[in-house]
Amino acid sequence: MYDLLVVGAGPYGLSIASHAAAAGLDLRVLGRPMASWRAHMARGMYLKSEPWASNLADPDGRWRLDAYCSASGLTARHAEPIPVETFAEYGLWFARHAVPEVDERMVSRVAAGPVGFEAVTEDGEVLRARTVALAVGVMPFTQVPSVLRGLHPALVTHSSDHRDLGRFRGMDVTVIGGGQAALETAALLAEQGTRVRLLARAQRLRWNDVPPPLQRLWWQSARTPHSGLGCGWRNWFYAERPDLFRRLPEGTRTRIAATALGPAGAWWVRDRVEPVVETMLGREVVAARAVPGGVRLETVNRAGELSSVDTEHVIAATGFRATRDRLGLLSEELRASLTTTSDGSPAVGRTFESSCHGLFLAGLLTASTFGPAMRFVHGATFTATTLVRGVRHRLRTAVPPARAIPVPVGRRHAEAP
């Protein structure tokens, strides 16, 4: 029986594994390293975050992105975006150097066992562990507007479905969304000769500013400090103090997690969109149906005026929504035992432990508790150090790992201690 099973081998899973190995835990890491970065982001995309804010986390800080770039003859400079392909290769490099060998089988099911947990791999092997860290990334949580869900995948896809956008050359495509994924997808489509339009509820597109230099006058840094999530004290708080963010009232936390750092495009993609991409702003899709040659989208603006557009394909760049009910990897009994916050995400305590003793969660699932940093690679450092500390504490206790933590009486939602 292992001390810890890490399910997932993206930035969070690999960072957790690196810290767990350094702590001397007997662990197993399962999953295809950097799978979503390698298979679910279109070729030609770039990281939106700064290179220095995109490090995976090892205890000594040795295996940073800039170290990989230096060893590979590449550059990692402030205000120069890094290609997604480079970041994915960096993750594989990190896995080779900072993590015990990764078992690349996928896990199909996690359930409570007689002691601890049992994980079933895709080929049927059962692995047992006292604790489990779920670092499943964002792919289980893709969000497509309800009006589009009944249409065939030949007509409607999510932006994460595409590694290669070449299939859309010469076609008419409508991208729905106003965030970075939508804007960069639209830019790449336009650059390859696709007739593309962008449809968004927002009245105008928002663009991030060019980041100021890292080295500035002291008063400039004091007024708007740099952080892993951008400039400004609010972003600094989200990025650097997730432990304090957790102490905010639950309603405040969930509201901030849902709205902070909202849809906006990177400064370097603006000139690739505005001159060449048709935009339909301030409109929401209220109905969609298949028609000869594609899809007809019925839209409405804030004044209630209806209009329609015909297109050959719709790409929904509409993000992800991480809720307990979408954790299909967990057995029904284990999933039902998890306490949730008011937005439906699993509640976690100060060390990322869920309301089921020994089951730890990481990444997007924890944004409602620890804040917007958990939506970005930058959050992996805090998560890895804190979560592994929690695992070590759990292993030292005599409480059976899979016992649910009682929900305090008189509260609709509860947070694990």
Side-chain angles (χ1 to χ4, degrees), residues 36 39-45 48 84 138-207 262-266 269-270 272-323 326:
S36 62
H40 295 283
M41 299 186 74
R43 291 187 182 91
M45 285 188 165
K48 191 179 181 184
V84 163
V138 300
M139 291 310 299
F141 311 117
T142 54
Q143 184 76 358
V144 174
S146 58
V147 295
L148 299 174
R149 291 176 199 161
L151 294 174
H152 194 276
L155 300 175
V156 175
T157 52
H158 190 269
S159 55
S160 63
D161 292 328
H162 303 293
R163 173 62 175 160
D164 184 0
L165 295 169
R167 59 175 280 200
F168 299 115
R169 284 192 178 91
M171 293 177 60
D172 183 290
V173 174
T174 299
V175 178
I176 297 179
Q180 177 68 11
L183 294 164
E184 198 170 9
T185 297
L188 290 169
L189 288 167
E191 288 162 359
Q192 69 174 18
T194 300
R195 182 188 173 195
V196 57
R197 71 184 56 78
L198 191 76
L199 194 158
R201 289 182 297 181
Q203 295 291 110
R204 63 182 182 87
L205 298 177
R206 294 180 60 243
W207 302 98
V269 80
R270 185 171 189 170
R272 298 166 55 197
V273 172
E274 289 187 335
V276 294
V277 175
E278 176 189 353
T279 58
M280 297 178 64
L281 303 179
R283 307 203 68 87
E284 183 172 1
V285 179
V286 293
R289 60 188 176 91
V291 295
V295 182
R296 177 164 295 162
L297 301 175
E298 305 288 348
T299 73
V300 64
N301 65 12
R302 293 186 179 181
E305 298 168 335
L306 297 173
S307 65
S308 65
V309 61
D310 288 358
T311 188
E312 291 178 81
H313 192 89
V314 176
I315 297 178
T318 44
F320 307 86
R321 184 166 182 263
T323 62
R326 302 183 76 177

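Note that the structure is a prediction, hence the values are computed from the model and not measured.
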Legend entry - Mutual orientation of the aromatic rings belonging to Phe168 and His162 [parallel < 30°, tilted 30-60°, perpendicular > 60°]: perpendicular

Legend entry - Closest non-hydrogen atom pair, Leu183 against Ala264: CD1-C, 4.3 Å

Inset, instruction - Keeping the roles fixed (side chain from Gln192, backbone from Leu165), state whether a donor-acceptor pair exists under 3.5 Å. - result: yes

Inset, instruction - Check the pair Val285, Val314 against side chain to side chain contact (heavy atoms under 4.5 Å, CB included), reporting the backbone distance first and the verdict last. - result: CA-CA 11 Å; Val285 179; Val314 176; over 6 Å; no

Legend entry - Point-to-point distance, once rounded to the nearest 0.5 Å, from CZ of Arg289 to CG of Leu155: 12.5 Å

Inset, instruction - Can you measure from CD (Glu284) to CD1 (Ile176) and round to the nearest 0.5 angstrom? - result: 10.0 Å

Legend entry - Heavy-atom pair of closest approach, residues His158 and Ile315: C-CG2, 4.2 Å

Inset, instruction - Considering non-hydrogen atoms only, spot the tightest contact between Ala186 and Val277 and give its length. - result: O-CG2, 4.0 Å

Inset, instruction - Determine yes or no for a side-chain-to-main-chain donor-acceptor pair under 3.5 angstrom, with Arg272 supplying the side chain and Glu184 the backbone. - result: no

Inset, instruction - Determine yes or no for a side-chain-to-main-chain donor-acceptor pair under 3.5 angstrom, with Thr311 supplying the side chain and Asp172 the backbone. - result: yes

Inset, instruction - Return yes if some donor-acceptor pair links the side-chain N/O of His313 with the main-chain N/O of Ala154 below 3.5 Å, else return no. - result: yes

Inset, instruction - Without swapping roles, check the side chain of Glu298 against the backbone of Leu306 for a donor-acceptor pair under 3.5 Å. - result: no

Inset, instruction - Let me see the working for Val295 and Thr174 under side chain to side chain contact (heavy atoms under 4.5 Å, CB included), right down to the final yes or no. - result: CA-CA 10 Å; Val295 182; Thr174 299; over 6 Å; no

Legend entry - Expected output: side-chain Arg206 to main-chain Gly178 donor-acceptor under 3.5 Å: no

Legend entry - Exceeds 12 heavy-atom contacts within 6.0 angstrom, atom CZ of Arg167: yes

Legend entry - Spacing of CG belonging to Leu281 relative to CG belonging to Asn301, to within rounding of 0.5 Å: 11.5 Å

Inset, instruction - Please say whether more than 12 non-hydrogen atoms of neighbouring residues, nucleotides or ligands are located less than 6.0 Å from CZ in Arg326. - result: yes

Legend entry - Stepwise side chain to side chain contact (heavy atoms under 4.5 Å, CB included) check, Val173 with Glu312: CA-CA 6 Å; Val173 174; Glu312 291 178 81; 5.9 Å; no

Legend entry - Main-chain N/O of Gly282 paired to Arg201 side chain as donor or acceptor, under 3.5 Å: no

Inset, instruction - Enter the distance from Leu148:CG to Leu297:CG here, rounded to the nearest 0.5 Å. - result: 6.5 Å

Legend entry - Residue Arg197 excluded, over 12 heavy atoms near CZ under 6.0 Å: yes

Legend entry - Glu274 vs Thr279 side-chain heavy atoms within contact, under 4.5 Å: no

Inset, instruction - Return the minimal non-hydrogen interatomic distance between Val175 and Ala317, and the atom names on each side. - result: CG1-CB, 4.2 Å

Legend entry - Interatomic distance, Arg283 atom CZ to Glu305 atom CD [nearest 0.5 angstrom]: 7.0 Å

Legend entry - From NE2 (His40) to CE (Met139), nearest 0.5 Å: 4.0 Å

